[in-house]
Amino acid sequence: MHREDKGRGLRTRSIHAGERPDPVTKASAPNIVMSTTFAVEDASGGFSALEMADKDAFVYTRWANPTVRQLEEKLASLENAEACVAFGSGMAAAAALFFRLLSAGDRLVISDVAYAGVAELVRDTLTRLRIEVVPVDSSDLDELRGAVRARRTRLVYVETPANPILRLTDIAGAARIAHEAGAELAVDSTFATPVATRPIDLGADYVVHSLTKYIGGHGDAVGGAVLGRAEPLADLRQDTAIHLGGVLSPFNAWLIMRGMATLPLRMAAHADGAMRVARFLQDHPKVMSVCYPGLPSHPQYDLARRQMANFAGMLTFRTAEPLRVAQQLADRLRIIHYAVSLGHHRSLIYYLATDELQKSSFRLDAEHLARYRKAAGEGIFRLSVGLEDPEDLCADLDQALA
Ligand SMILES: *Cc1c(COP(=O)(O)O)cnc(C)c1O
């Protein structure tokens, strides 16, 4: 983080951190630097990112790009992190962290409710590389401690709130447990955003984001990022962004940065809208249950209040005959899009059948599957409450559920 950002509020940093008027043209809005290569003044500079004397110099866009760096600095400022590396997607960011930190024989302890792509990656690919993967219910710190105490744990990876059942993990508690065992903690904070929770302030070593969701916020750019301390992030950049090559395009960096300028304002409106829609659904005769971290009925409401300065816009609900209702919603909703993804200004809804999800998740044992079913039953509707008028969203749901 730049010294001048210290002490400034989140709204100011969302707009100004990482950006300065162009030194040549004085343009106030950032330029998009699409150039893949940069004219080099010092001809003795070498030919490999590993050999470069000045690691901050721009040479080749896969190594570093001015527009992507602006985004990285802005995000690092918001997360109170020393450094940030942007990637072409949230999956590329998560994969980079796993490939950088884990080797054959290492143990990864991971929350057993996680984004399906991450669950599939660690379950299928990391185990093939002889990395031991141990899924745990990380909302239960005793269970987490039991799994981590065993030797060889290199990394604990949690998602909070976890997709899709909005289960929370106590980040400070998980960090203590990981560090006592000599492991590091990474937190996928995509659902929370730095407006709600700053995992590094709570002791996490790494933060992972899908920038595709709230941070970009407009459903028009896929991106990802890993944040943490400067030294390990420099190694991560070398090993993964530069060598695996899944970097973010400057155009997407620019779009995401444009979205980030309004992140604190959008998150306030997402949370306000979600609370109103959650209350509406709670009272709706066709709805059996609602899960939202801002409702006292959330099983971890106390932790939510302690750990989240904003409850964000994600909620889930259950109905009878959910498959039939899902088709009805897809046919009848006029404002809300029946579509995957989340965190956009447009409201999005999707039905996630528990049996289907289990195929693309960890193969949970009977006890953990029972815990999942307690939260999700045979399936849940995941609603990403957008920035439309909450009354219009409630009316749209009402007519579609009727
Ligand atoms: C979407 C998502 C990802 C993956 O991000 P992409 O940008 O789609 O690759 C990872 N974690 C969570 C929690 C997500 O919601």
Side-chain angles (χ1 to χ4, degrees), residues 68 71 75 79 84-99 108 110-123 125-126 135 138-139 155 157-169 171 186-197 199 204 206-227 240-241 244-249 251-253 255-257 259-260 263 267 270 274 293 308 312-316 339-344 346-350 352 357 360-362 380 382-386:
V68 175
L71 167 70
L75 196 53
E79 283 287 7
C84 171
V85 180
F87 290 90
S89 68
M91 280 306 298
L97 191 65
F98 295 135
F99 284 117
L108 166 71
I110 182 165
S111 49
D112 68 3
V113 177
Y115 181 73
V118 169
E120 288 167 351
L121 169 72
V122 305
R123 185 194 71 191
T125 308
L126 294 193
S138 57
S139 70
L155 182 67
Y157 190 97
V158 302
E159 197 176 297
T160 180
N163 185 20
I165 56 169
L166 308 174
R167 186 189 273 171
L168 308 182
T169 295
I171 296 171
V187 176
D188 182 334
S189 195
T190 299
F191 274 41
T193 83
V195 176
T197 308
Y206 300 97
V207 181
V208 174
H209 278 294
S210 167
L211 305 177
T212 317
K213 314 294 168 55
Y214 285 113
I215 290 183
H218 296 77
D220 50 15
V222 174
V226 179
L227 297 103
T240 60
L244 297 181
V247 294
L248 185 64
S249 105
F251 183 57
N252 275 18
L255 281 172
I256 292 164
M257 212 166 18
M260 279 175 74
L263 180 67
M267 292 312 291
H270 279 299
M308 302 180 76
M314 298 305 300
L315 63 84
T316 69
V340 296
S341 202
L342 57 109
H344 307 166
R346 296 178 194 88
S347 292
L348 306 171
I349 195 166
Y350 211 73
L352 300 153
L357 204 68
S360 61
S361 179
F362 302 104
I380 47 178
R382 183 185 69 186
L383 175 58
S384 171
V385 177

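Start at 1 and go down the list; that is how both ligands and their atoms are numbered. As a basis for the values below, the full set of heavy atoms in this structure was taken, side chains included, without hydrogen atoms, waters or symmetry mates.
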Can you pull out the closest protein heavy atom to atom 12 (C) of ligand 1? Residue, atom name and distance to 0.1 Å, please. Asp188 OD2, 3.4 Å
Numbering the atoms of ligand 1 from 1, which are under 4.0 Å from a heavy atom of Ser89? 7 (O), 9 (O)
Is any N or O atom of Glu159, backbone or side chain, closer than 3.5 Å to an N or O atom of ligand 1? no
Numbering as shown, the atoms of ligand 1 that approach Gly223 to under 4.0 Å (heavy-atom distance): 7 (O)
Among Asn163, Thr212, Val208, closest by any non-hydrogen atom to atom 7 (O) of ligand 1: Thr212
Distance col, row Thr190:OG1 vs Leu211:CG, nearest 0.5 angstrom, shows 8.0 Å
Within a distance under 4.0 Å of any heavy atom of Met91, pick out the atoms of ligand 1 and give their elements. 4 (C), 5 (O), 6 (P), 9 (O)
Just so I know, are the side chains of Val113 and Phe362 near enough to count as touching, which here means a heavy-atom distance under 4.5 Å? no
Identify, for atom 4 (C) of ligand 1, the protein heavy atom at the shortest distance, and state residue, atom and that distance. Tyr115 CE2, 3.4 Å
Using side chain to side chain contact (heavy atoms under 4.5 Å, CB included), reason through Val118 and Met91 one step at a time and then give a plain yes or no. CA-CA 7 Å; Val118 169; Met91 280 306 298; 3.8 Å; yes
Other residues, nucleotides, ligands: >12 heavy atoms within 6.0 Å of Arg123 CZ: yes
For Phe191 and Tyr214, the nearest pair of non-hydrogen atoms, with its separation, is O-CE1, 3.8 Å
Can you pull out the closest protein heavy atom to atom 6 (P) of ligand 1? Residue, atom name and distance to 0.1 Å, please. Gly90 N, 3.3 Å
Within a 6.0 Å radius of atom OH on Tyr350, are there more than 12 heavy atoms belonging to other residues, nucleotides or ligands? no
closest protein heavy atom to atom 2 (C) of ligand 1 is Lys213 NZ, 2.5 Å
So, regarding Phe191 and ligand 1 (criterion: nitrogen or oxygen to nitrogen or oxygen, under 3.5 Å), is there a contact or not? no
Look only at the side chain of Ser111 and the backbone of Ala114, and say whether a donor-acceptor pair between them is shorter than 3.5 Å. no
